[in-house]
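By convention here, the first residue in the shown sequence is residue 1.
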Amino acid sequence: MSTRAFITGVSGTELTAAEREFIRAERPWGFILFKRNVEAPAQVAALVEELRAAAGAADAPVLIDQEGGRVQRLGPPHWPVYPPGAIFSTLYDADSVLGLTAARLSARLIASDLADLGITVDCLPLADVPVPGADAVIGNRAYGTEPGKVAAIARAVTEGLEQGGVLPVLKHIPGHGRATADTHFKLPTVDAPRDELDRTDFAAFKPLADLPMAMTAHVVFSAVDPAHPATTSATMITQVIRGVIGFQGLLMSDDVSMNALSGNIAERTRAIFAAGCDMALHCNGNIEEMREVAGQTPELSGTALARAKAALASRKAPQPFDRVAARAELDALIARANTASA
C-alpha cells in the first residue's frame with residue numbers, strides 16, 4: 001500500500017478514534033513518540049502495535065528521540081538514565097578508545113530498550129558542533145567542538161544502534177551548533193563565513209554521509225542562503241546537504257510545528273517539499289495540524305520512495321548482547337569521566 005511522505009506524532013498513550021481514522025485515511029510513512037505517549041513498557045509496546053495496525057503496515061517505522069541526558073523520552077522508573085553526549089567527549093579526550101567504547105555501549109543499550117518496545121528508529125546521533133555564545137539547546141548533547149572527534153563519536157553511536165537493530169537518524173544536518181536561539185521558539189541566523197562552515201559545521205557531517213536518514217536544521221546560514229532556514233532552502237539542500245556533505249539518504253525535516261519556520265502549517269509543509277526534503281515531520285499530536293500536514297504532503301514516490309526503502313532495508317538484525325555486563329561497563333566509564341571532569 002502506498003504511503004504519504006510524512007511522519008506524525010499522536011496525542012497520548014493510546015490512539016483516539018479520530019487518530020485511528022486519520023492514520024487509515026492519510027497513510028503516514030511513520031510515527032514518532034514523545035513523553036506524553038509513554039507510561040510503562042507494556043503500554044508503549046501496545047501503542048506501537050496499534051500505530052502499525054492502523055497504518056496497515058507491520059514494518060512502519062516508529063521513531064523516538066532517545067539520546068540520553070536531557071533528551072530522553074523513556075526514563076525512570078521503567079528505563080535507565082543514559083549519559084549526555086558530552087560524557088563521551090570527556091572520555092575521548094582522556095583516551096579516544098574509551099570515549100568511543102562508551103558511546104557505542106550507551107547506544108547499544110538504548111537500542112535494546114527500544115527493540116523491546118518495537119521501536120525501530122532513534123533520532124540519533126548528533127553531529128552538531130557548538131561554539132561559545134550559542135544557545136544551550138544543543139549544549140552538552142554535543143560530542144565536542146572539534147569536527148573530527150564529533151564525527152568519530154557519532155559513528156560509534158551509529159554502530160551501537162545498528163548492532164541493536166535500530167536505525168539511526170543523523171541530526172541536525174548541516175549543523176545546529178552555532179544557533180543562537182532555540183528553534184522551537186525562534187529562527188536563528190548563523191553569519192559565519194562559508195569557509196569556516198566548511199571547516200567546522202559541515203565537516204562534522206561529511207564522514208557520516210552514508211547514514212540512511214538525516215534530519216534538517218531550522219537554521220539560516222547567511223553565507224549560503226540568507227533568506228531561508230536549511231529545512232526550506234533548496235540552495236542549502238542541493239549545494240550543501242546533497243553536495244558538499246554528500247548525504248544521499250532519506251532527508252526528513254525537523255518538526256514542522258516549531259516556531260523557527262514561518263507561515264501556517266500548510267505553507268511550511270509545502271515549503272519543506274519544495275526545497276527538496278523527502279519527508280515532513282510533525283510532532284505535537286494536534287489532529288488539526290496533522291490534517292494540514294497530510295493535505296500538503298505528496299505520495300511517497302520516485303527518489304524519495306527509493307531512499308525510504310533503502311533506509312528500512314539497511315536495518316540489521318540485533319546481535320547477541322549481555323545487557324547487564326554492558327551496563328556495568330558503561331557505568332564504570334561514566335564514573336571515570338565524572339572524575340576526570342570534577
Side-chain angles (χ1 to χ4, degrees), residues 66-72 80-112 122-132 134 136 138-164 166-178 196-212 214 244-247 316 319-342:
Q66 188 74 352
E67 297 177 11
R70 56 196 163 86
V71 179
Q72 185 169 325
V81 172
Y82 290 98
I87 288 286
F88 312 137
S89 177
T90 298
L91 275 169
Y92 188 99
D93 289 343
D95 184 323
S96 61
V97 172
L98 293 182
L100 298 178
T101 297
R104 194 176 295 108
L105 278 173
S106 183
R108 181 64 181 87
L109 285 159
I110 287 172
S112 291
D122 194 3
C123 298
L124 197 67
L126 280 73
D128 303 309
V129 182
V131 297
I138 299 299
N140 70 354
R141 297 164 65 190
Y143 305 139
T145 58
E146 193 281 310
K149 178 172 73 169
V150 169
I153 295 174
R155 176 64 67 181
V157 169
T158 297
E159 291 168 352
L161 292 176
E162 291 177 337
Q163 288 165 10
V166 170
L167 289 170
V169 176
L170 177 63
K171 61 187 187 186
H172 304 81
I173 198 167
H176 205 302
R178 293 179 184 272
E196 186 176 344
L197 293 170
D198 285 336
R199 289 195 311 270
T200 54
D201 303 59
F202 304 163
F205 285 89
K206 288 182 74 171
L208 305 163
D210 62 313
L211 267 63
V244 172
I245 292 171
F247 177 74
K316 301 175 175 65
Q319 298 177 12
F321 183 60
D322 186 334
R323 191 181 302 199
V324 173
R327 184 71 218 199
E329 184 178 359
L330 177 62
D331 287 343
L333 290 169
I334 293 170
R336 179 167 178 168
N338 287 335
T339 299
S341 61

*Asks:* Give me the atom names and distance for the closest heavy-atom approach of F247 to A209.
*Replies:*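 Distance-wise, the nearest heavy atoms are CD1-O, 3.5 Å.
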*Asks:* Report yes if the side chains of K149 and D93 come closer than 4.5 Å at any heavy-atom pair, otherwise no.
*Replies:*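 Yes. Closest side-chain heavy atoms under 4.5 Å.
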*Asks:* Could you give me the CA-CA distance, side-chain angles and deciding distance for D198 and K206, then say whether salt bridge (charged side-chain N to carboxylate O under 4.0 Å, His left out) is met?
*Replies:* CA-CA 10 Å; D198 285 336; K206 288 182 74 171; over 6 Å; no
*Asks:* Between E162 and P168, is there a side-chain heavy-atom distance shorter than 4.5 Å?
*Replies:*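 SC-SC contact between P168 and E162 confirmed.
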*Asks:* For residues L330 and P83, report the shortest heavy-atom separation together with the two atoms involved.
*Replies:*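 Closest approach of L330 to P83: CD2-CD, 4.4 Å.
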*Asks:* What pairs of donor and acceptor atoms, side-chain ones from residues 97-104 against any protein atom, are under 3.5 angstrom apart with sequence neighbours left out?
*Replies:*
unit_1, atom_1, unit_2, atom_2, d
T101, OG1, V97, O, 2.7
R104, NE, E159, OE1, 2.9
R104, NH2, E159, OE1, 3.1

*Asks:* Could you tell me the separation between the CD1 atom of I173 and the CD1 atom of I245, rounded to the nearest 0.5 Å?
*Replies:*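 One gets 4.5 Å once the value is rounded to the nearest 0.5 Å.
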*Asks:* With side chains defined as the heavy atoms from C-beta onward, is the minimum distance between N140 and R70 less than 4.5 Å?
*Replies:*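 Heavy-atom side-chain distance check passes, below 4.5 Å.
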*Asks:* Given side chains that start at C-beta, do those of R141 and H176 come closer than 4.5 Å, heavy atoms only?
*Replies:*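 Of all side-chain heavy-atom pairs linking H176 with R141, none is under 4.5 Å.
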*Asks:* Does any non-hydrogen side-chain atom of I334 lie less than 4.5 Å from one of D331?
*Replies:*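 Answer yes - side chains close enough.
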*Asks:* Rounded to the nearest 0.5 Å, how far apart are OG of S106 and CD of E329?
*Replies:*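 With rounding to 0.5 Å, OG (S106) is 12.0 Å from CD (E329).
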*Asks:* At their closest point, which heavy atom of P130 faces which heavy atom of G139, and how far apart are they?
*Replies:*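 Looking at all heavy atoms of both residues, the shortest contact is CG-O, 4.5 Å.
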*Asks:* Atom OG1 of T90 and atom CG of L333: how far apart are they, to the nearest 0.5 Å?
*Replies:*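 So the OG1 of T90 and the CG of L333 are separated by 12.5 Å.
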*Asks:* Using modelled atom types only, decide if a donor and an acceptor are shared between the side chain of R178 and the backbone of D201 within a distance under 3.5 Å.
*Replies:*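 Such a contact is absent between R178 side chain and D201 backbone.
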*Asks:* Drop me the distance from D322's CG to R108's CZ, to the nearest 0.5 angstrom.
*Replies:*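 If I round to the nearest 0.5 Å, the distance is 10.5 Å.
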*Asks:* Do you know the tightest heavy-atom contact between A107 and L161?
*Replies:*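 Of all heavy-atom pairs spanning A107 and L161, the closest is O-CD2, 3.6 Å.
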*Asks:* So which atom in P147 and which in A203 form the shortest heavy-atom distance, rounded to 0.1 Å?
*Replies:*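 The pair with the smallest heavy-atom distance is CB-CB, 4.1 Å.
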*Asks:* Could you measure the distance from the CD1 atom of I110 to the CG atom of L105? Nearest 0.5 Å is fine.
*Replies:*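 Interatomic distance, I110 CD1 to L105 CG, rounded to 0.5 Å: 11.0 Å.
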*Asks:* Would V150 and L126 count as a side-chain contact (heavy atoms from CB on, under 4.5 Å) if you check the C-alpha gap in whole Å, the side-chain angles of each, and the deciding distance to 0.1 Å?
*Replies:* CA-CA 8 Å; V150 169; L126 280 73; over 6 Å; no
*Asks:* Just jot down the ring-ring contact (aromatic ring centres under 6.0 Å, His included) partners of Y82, sequence neighbours excluded, or say none.
*Replies:*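 In terms of ring-ring contact (aromatic ring centres under 6.0 Å, His included), with neighbours along the sequence ignored, Y82 is linked to no residue.
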*Asks:* Please report the shortest heavy-atom distance between G160 and A111, naming the atom on each side.
*Replies:*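 The pair with the smallest heavy-atom distance is O-CB, 4.1 Å.
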*Asks:* Is the closest side-chain heavy-atom distance between L109 and F321 below 4.5 Å?
*Replies:*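 A side-chain contact under 4.5 Å exists here.
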*Asks:* Pick out which of L211, D128, V244, V129 makes a side-chain contact (heavy atoms from CB on, under 4.5 Å) with F205.
*Replies:*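 One option only clears the test, and that one is D128.
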*Asks:* Tell me whether R336 at atom CZ has more than 12 heavy atoms from other residues, nucleotides or ligands lying less than 6.0 Å away.
*Replies:*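 Count not over threshold, so no.
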